[in-house]
S.K.: 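Pasting a structure below so you can have a look.
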Amino acid sequence: MKADTRALAAKGLAEIALRGASLRDVMERYAPRLADPRDRALLMALLSEGARWWLRFDAAIDGLLEKSLRHKDPAIHALLVLGLVQLEILELQDYAAVAATVEAVRALQRPQLAGLVNAVLRRWQRERETLIARLDAKPQTRHAHPAWLATALQNDWPEQADAVMAADNREPPLMLRVNRQRSEREALIGQLQAAGYAATAHPWLRDALLLPHSTDITRMPGFEDGLFAVQDGAAQVAADLAELKDGLRVLDACAAPGGKACHLLERSDIDLTALEVDAPRAERIRQNLMRLRLNAKLVIGDAGAPKSWWKGQPFDRILIDAPCSATGVLRRRPDVRLHRRESDVAAMHAQQRRILSALWPLLAPGGRLVYITCSVLRTENEAIVGELLAAQPNARSMAFTLPVGHAASVGWQILPGDGDLDGMYYAVLQKQT
């Protein structure tokens, strides 16, 4: 019997929103149950947009039911959320969206609830303007962001907060990075265009290609040959700021899944150590290195405790892609907004401080350290770097600008949507000789 895509999506979304499962894990488990690539694409769209807009439509469902189903029957509650997502976000034809959602109730073996689901969705259609006005009255339900994050954005970026949250709710383009060890950007663009992909060169990132929509990259020409990798343009900035040259000893700390490490190796002939504390995530680095035909020393270890893995030879360059709240990548990882808590930020801050302080002594005199997060919160970014600068008299902040983004008190912040990029913070520090 063919699996019902919407029923699978409802069960998966309930896991993501109510039990803390990751969207990636749910997709990996559920997608193989669907044979048709179009059904898998619909599943991905429903899970992604369901997670992205959960905080808006979850609240709406509460207002449409006399008794909540959230805990009593989480899959049906999630299915109702997906019904509104289909009507309002995916903009499916009203009749088809409602009919398919009601049919999914039966696939979930809850036929007694089919009438209720139909009535809720019909009521939404009748009272739509009033209900939307009610949701739009609060930042949390207007932008589908947690209340604590909406407040933090207003505090840190008062002029940009609304634009940031709007950017978080738009589908990002697919961005690729050409492996210049194996191809040239114009040649790869020609190869992709010949295969029907609308690939174009990024206007100022020299290794980046743009495609308007996500697709199955494993089917694209050149993937198996390691000609390219997926990497948002904001992350590709790291290789420029590192100012590499052949022969340097480089440490990429907190390196998984290996995108920045691979980019550095594609740029120059360097001796690179990729450090990762989590062994399963380190395996993803190894897989990316193999596919791209690149070589690095892969080390399992804690960046905040170098004595367990460092051999005593300083590094000329250190990249710290610090663990963070991931508040800059909500458009690509919409489930993060459902899982991150305000209390997590203080724990992240302590971890960032520990790692930066521990790795600074490993930098050679005259060397350069690039501190990176995919956060938009100042407490994880310039506050951390400012602490190190105050504590280390031999640390100097290197001034730089980028074509998009905003100068911070130390370093540079790309906010989500700036140049259609993800949110990313960068600071460059040099150790005085």
Side-chain angles (χ1 to χ4, degrees), residues 153 156-180 184-186 188-189 192 198-214 228-245 252 259-264 266-268 317 319-322 324 326-332 368-378 380-382 385 396-430:
L153 288 170
D156 281 359
W157 301 99
E159 295 181 7
Q160 297 87 6
D162 282 347
V164 166
M165 289 187 280
D168 287 342
N169 290 331
R170 291 194 294 268
E171 179 192 5
L174 176 63
M175 299 195 71
L176 307 180
R177 185 192 73 241
V178 64
N179 178 358
R180 62 167 62 188
E184 295 180 353
R185 183 166 69 168
E186 292 307 315
L188 179 60
I189 288 173
L192 294 175
T200 57
H202 191 276
W204 57 271
L205 290 162
R206 51 185 170 145
D207 297 327
L209 286 71
L210 291 166
L211 285 90
H213 302 290
S214 294
F228 66 86
V230 175
Q231 188 180 44
D232 186 75
Q236 295 187 38
V237 170
D240 289 331
L241 296 181
E243 287 201 352
L244 297 174
K245 57 184 178 181
D252 182 5
K260 296 180 182 67
C262 290
H263 196 190
L264 298 179
E266 292 162 6
R267 282 281 183 93
S268 300
R317 299 287 187 271
L319 262 69
I320 303 176
D321 193 353
C324 71
T327 47
V329 293
L330 298 188
R331 64 181 194 159
R332 291 192 191 277
R368 176 177 283 230
L369 184 150
V370 183
Y371 177 83
I372 310 160
T373 78
C374 55
S375 170
V376 296
L377 304 179
R378 295 183 188 270
E380 297 184 89
N381 297 336
E382 56 212 85
V385 178
R396 181 167 70 96
S397 175
M398 306 289 288
F400 64 94
T401 61
L402 296 174
V404 299
H406 311 265
S409 60
V410 180
W412 193 268
Q413 179 75 61
I414 301 173
L415 293 173
D418 288 347
D420 210 5
L421 301 178
D422 288 347
M424 194 81 58
Y425 171 80
Y426 284 101
V428 180
L429 306 179
Q430 187 174 53

S.K.: Taking side chain as C-beta onward, heavy atoms only, is I372 less than 4.5 Å from Y426?
M.R.: yes

S.K.: Would you call R396 and L429 a side-chain contact if the rule is heavy atoms closer than 4.5 Å?
M.R.: no

S.K.: Once you round to the nearest 0.5 Å, how far does CG of L188 lie from CZ of F228?
M.R.: 7.0 Å

S.K.: Without swapping roles, check the side chain of R317 against the backbone of E243 for a donor-acceptor pair under 3.5 Å.
M.R.: yes

S.K.: Could you tell me the separation between the CG atom of L153 and the CG atom of L377, rounded to the nearest 0.5 Å?
M.R.: 6.5 Å

S.K.: Nearest 0.5 angstrom please: R378 CZ to Y425 OH, how far?
M.R.: 9.5 Å

S.K.: Can you find a heavy atom in the side chain of L415 that is under 4.5 Å from one in the side chain of W157?
M.R.: yes

S.K.: How close do E382 and S409 get, counting heavy atoms only, and between which atoms?
M.R.: OE2-OG, 2.9 Å

S.K.: Does any part of the side chain of W412, heavy atoms only, come nearer than 4.5 Å to the side chain of V237, both counted from C-beta?
M.R.: no

S.K.: Would you name the heavy atoms of A234 and L421 that are closest together and state the gap between them?
M.R.: N-CD2, 3.9 Å

S.K.: Assess the residue pair D207 and R267 against the criterion (side-chain contact (heavy atoms from CB on, under 4.5 Å)); give the C-alpha distance rounded to whole Å, side-chain angles, the decisive distance to 0.1 Å, and a yes or no.
M.R.: CA-CA 10 Å; D207 297 327; R267 282 281 183 93; 2.8 Å; yes

S.K.: Just do the salt bridge (charged side-chain N to carboxylate O under 4.0 Å, His left out) check on R170 and D420 with the steps written out, would you?
M.R.: CA-CA 10 Å; R170 291 194 294 268; D420 210 5; 5.7 Å; no

S.K.: Please tell me if the side chains of M175 and R332 come closer than 4.5 Å, counting only heavy atoms from C-beta onward.
M.R.: yes

S.K.: Side chains of E266 and R177, heavy atoms from C-beta outward: is any pair under 4.5 Å?
M.R.: yes

S.K.: Which atoms form the tightest heavy-atom contact between A238 and K260, and what is the distance?
M.R.: CB-CD, 4.0 Å

S.K.: Answer yes or no: is there a donor N or O on one side and an acceptor on the other, between the side chain of Q236 and the main chain of Q231, under 3.5 Å?
M.R.: yes

S.K.: Any side-chain heavy atom of L402 sitting closer than 4.5 Å to one from D418?
M.R.: no

S.K.: Would you name the heavy atoms of L209 and A199 that are closest together and state the gap between them?
M.R.: CD2-CB, 4.5 Å

S.K.: Are any of the side-chain heavy atoms of L244 and L264 separated by less than 4.5 Å?
M.R.: yes

S.K.: Does atom CD of E184 have more than 12 heavy-atom neighbours, drawn from other residues, nucleotides or ligands, at distances under 6.0 Å?
M.R.: no

S.K.: Mind checking the NE2-CG spacing from H263 to L319? Nearest 0.5 Å is all I need.
M.R.: 11.5 Å

S.K.: How close do R185 and A208 get, heavy atom to heavy atom, and via which atoms?
M.R.: NH1-O, 2.9 Å

S.K.: When rounded to the nearest 0.5 angstrom, what distance separates OG in S397 from CG in L369?
M.R.: 11.0 Å

S.K.: For the pair V370 and I320, evaluate side-chain contact (heavy atoms from CB on, under 4.5 Å) and give the outcome as yes or no after the intermediate values.
M.R.: CA-CA 6 Å; V370 183; I320 303 176; over 6 Å; no

S.K.: Compute whether any side-chain donor of one residue and acceptor of the other, for N381 and Q413, lie under 3.5 angstrom apart.
M.R.: yes

S.K.: Can you give me the closest heavy-atom contact between G328 and P416, atom names plus distance?
M.R.: O-CG, 3.6 Å

S.K.: Would you give the length of the straight line joining atom CG of L174 to atom CG of L211, rounded to the nearest 0.5 angstrom?
M.R.: 5.0 Å

S.K.: Is the backbone N or O of V376 less than 3.5 Å from a side-chain atom of T327, with the two atoms forming a donor-acceptor pair by type?
M.R.: yes

S.K.: Applying side-chain contact (heavy atoms from CB on, under 4.5 Å) to R331 and D232, what does each step give before you reach the verdict?
M.R.: CA-CA 11 Å; R331 64 181 194 159; D232 186 75; 3.5 Å; yes

